[in-house]
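What follows is a set of notes on a single structure, which appears directly below.
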Amino acid sequence: MPLEAVEARRLYRQIADQLRSLIDSGEYAVGSRLPPERELADQLRVSRPTVREALIALEVEGRVRIRVGSGIYVIEPAGAAPVSAAAIIEGPFELLRAREFLESAIAEQAARVATKDDVARIDAALVAMENVDHPGEASMVHDRAFHVAIAGCLGNAVLVRVVGELFDQRLNPYFAQLAHYFENPGTWRTALDEHRAVRNAIAAREPQAAREAMRDHLAHSQERFAQNFGAESSAGSPAARKRAVRSPAKPAATKRPSKKRSKEAVKSGGPRRR
């Protein structure tokens, strides 16, 4: 019998699977409200963004409905098939963290090597962004052009492609659903100011300022998507509030802990928060 490849499931998918199982088993009936994100994060010992990614995945699958200002409610499944290749879709926060790391370094180098023509291309994308309604397809096109233009300053086609492909992940169903709740003309104006700060640092040839401006922009994007969905009070009956959700196994940390820390972790028995 041939062996099959083993793939580690993303943490948010493990959480989504566990919540779906609780719903299917009747622990959370149709019409009931799930515990708030903060409570779920505490029980699972993971970050709230990870819980949010799981909830968004369940909403896209048609298992829950998110009502901003109220909470997350279990709904009757519509019979729709799960999102194609759901197991390999990156979570929105996972994508933004990757972009924050990569594009900050790119902006820093762009401030060192950008030519007048490079800055002109960045300016053209920025002007287009200033004159378009958001949310909408056109705003995303110009936003993408801005980030790709900065990558283009380095003269490396691979980086241009990678930055473009990472931005295009905004079109995946989970990212699009999350953006639906929190993107509006107000957040667009704020993001424009952040883009201008990146552009000005590059044009002024200030590498560290450019790096920090890009990092701040993408970090603030994560903060905007992490705004509260609904009520933070405990949901459901006292019995429902006592339900324990088991923490899924986490991927091994990339940094090897010291022997002392390892012994302490074994004694405490608690995983680290991502």
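Worth saying up front: this structure is predicted, and the values here are computed from it rather than measured.
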Verify side-chain contact (heavy atoms from CB on, under 4.5 Å) between Leu19 and Leu40, making sure each step is shown before the conclusion. CA-CA 10 Å; Leu19 291 173; Leu40 287 171; 4.2 Å; yes
[X] vs [Y] side-chain heavy atoms within contact, under 4.5 Å:
X	Y	value
Phe167	Met140	yes
Asn172	Gln169	yes
Phe93	Thr50	no
Ile75	Arg63	no
Val51	Leu55	yes
Trp188	Asp143	yes

Please check: side-chain N/O of [X] versus main-chain N/O of [Y], any donor-acceptor pairing under 3.5 Å?
X	Y	result
Arg205	Arg112	yes
Ser25	Ser21	yes
Arg121	Phe146	no
Ser139	Gly136	yes
Asp17	Gln14	no
His180	Ala176	no
Arg52	Phe225	yes
Asp193	Thr190	no

Got a list of side-chain donor-acceptor pairs under 3.5 Å for residues 124-132, not counting sequence neighbours?
| from | atom 1 | to | atom 2 | distance (Å) |
| --- | --- | --- | --- | --- |
| Glu130 | OE2 | Arg196 | NE | 3.0 |
| Glu130 | OE2 | Arg196 | NH2 | 3.3 |
| Asn131 | ND2 | Val127 | O | 2.7 |

To the nearest 0.5 Å, what is the distance between [atom1] on [X] and [atom2] on [Y]?
X	Y	atom1	atom2	result
Ile122	Asp117	CD1	CG	11.5 Å
Leu44	Gln18	CG	CD	6.0 Å
Glu194	His220	CD	NE2	6.0 Å
Thr187	Phe182	OG1	CZ	10.5 Å

Under 3.5 Å donor-acceptor pairs involving side-chain atoms of residues 152-165, not counting sequence neighbours:
| from | atom 1 | to | atom 2 | distance (Å) |
| --- | --- | --- | --- | --- |
| Asn156 | OD1 | Val158 | N | 2.9 |
| Asn156 | OD1 | Leu159 | N | 3.2 |

Tyr181 vs Glu59, side-chain hydrogen bond (donor to acceptor under 3.5 Å, both in side chains): CA-CA, chis, key distance, verdict: CA-CA 12 Å; Tyr181 289 108; Glu59 183 173 44; 2.5 Å; yes
What I want to find out is whether [X] reaches [Y] closely enough, with some N-O distance under 4.0 Å, to be called a salt bridge.
X	Y	result
Arg215	Glu100	no
Glu183	Arg170	yes
Glu61	Arg20	yes

Yes or no on side-chain contact (heavy atoms from CB on, under 4.5 Å) for Leu11 and Glu53, after CA distance, side-chain angles and deciding distance? CA-CA 9 Å; Leu11 185 57; Glu53 288 173 334; over 6 Å; no
Parallel, tilted or perpendicular: which describes the rings of His217 and His147, with under 30° parallel and over 60° perpendicular? parallel
